[in-house]
Amino acid sequence: MPVIEIAGKPVNVNEEGFLTVPSEWNEEIAKVLASQIGVELTPRHWEVIKFLREDFEKEGESATSRHTQTAGGFPIKEQFELFPKKPAKKMSYIAGLPKPKGCV
Amino acid sequence: MDTMTAPSIVPNFDNKETDRKLAIICSKGNLDMAYPGLILANAALGEGVETHLFFTFWGFDMITKSRMNDLQFSPAGNTAMHLPGHDMHIPQGLMPVPGMTNVATHMLKKQIAELGVPEVPDFLEQIVASGGHLWACRLSADMNKLTTEQLRDDIEGIISASDFIEMTEGAQLLFI
């Protein structure tokens, strides 16, 4: 697995560019990841990211869009507005987490 | 010690603008056969794929307000049916006993809920919130004597089969 430099820090990523060691993530890295995929982070984006990080800590796996709605209270429609086209993948990418495994 | 770092790697989220489009024809009204189309539609939408669902024949029950909460599952005629977590088949002769459909429906709903998968009406709401399009079949509406008032409010229209085929030009198509 490659090690790349993001925001001046070496981080482990997979072949697609997702962080593989969640503890290497920080907010500066999130800003770079977001800008790389064309997402401008607003306070609402940060709320979602904060939820995803906490939920991953608790559940041991990345939240799906469904779970982000039911457990986090972020409506799916809003997720598509904040992270267009592929919300679940973009959210986990920016939050430094693996792609969600769940189907729904 | 210097850390060797590779050049930046960025996922290809939006660059693959393929205009991919998916059309799913839902023709079954059994609880177990309602889900495959919904799960695939939801997955496609999460990948940014334009998705259209066309409800026809028994699939109409999925979008009819008075029936959509009461889809059922029967093990009768399903030779792949076995007890959950076991390889043993349940003899087909035992399937038609009174109450079997209720028991089986209840069990299936419980298993689905445990996986965090929504019930059918809620799932369709999620699909619409994700940008999915729902269409009702003209012939099925006429056969069942149903009008738009009796269907989900988020049905975009009652359309003919040829309208649907025209609308989904170039789409990948699934018949369920």
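In what follows, chains are A, B, ... by sequence order, proteins preceding strands, each numbered from 1. Just the heavy atoms: all of them, side chains too, but no hydrogens, waters or symmetry mates, feed the values below.
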**Prompt:** Counting heavy-atom pairs under 4.5 Å to chain B, which of A:K89, A:Q79, A:K77 comes out on top?
**Reply:** A:K89
**Complete:** Per-residue tally against chain B (heavy atom, under 4.5 Å) across A:Q36, A:K90, A:R66 peaks at A:R66
**Item:** A:T64 versus A:H67, side-chain donor and acceptor atoms under 3.5 Å
**Value:** no
**Item:** SB check A:E54 A:K58 (cutoff 4.0 Å)
**Value:** no
**Message:** If you count heavy-atom pairs within less than 4.5 Å of chain A, which of B:V10, B:N42, B:L38 leads?
**Reply:** B:V10
**Prompt:** Is the B:H52-B:F164 ring centre distance short of 6.0 angstrom?
**Reply:** no
**Asked** Heavy-atom distance under 4.5 Å to chain B: side chain of A:E15, backbone, both or neither?
**Response** backbone
**Request:** Step by step, work out the side chain to side chain donor-acceptor pair (under 3.5 Å) result for A:S92 and A:S62.
**Result:** CA-CA 7 Å; A:S92 21; A:S62 298; 5.0 Å; no
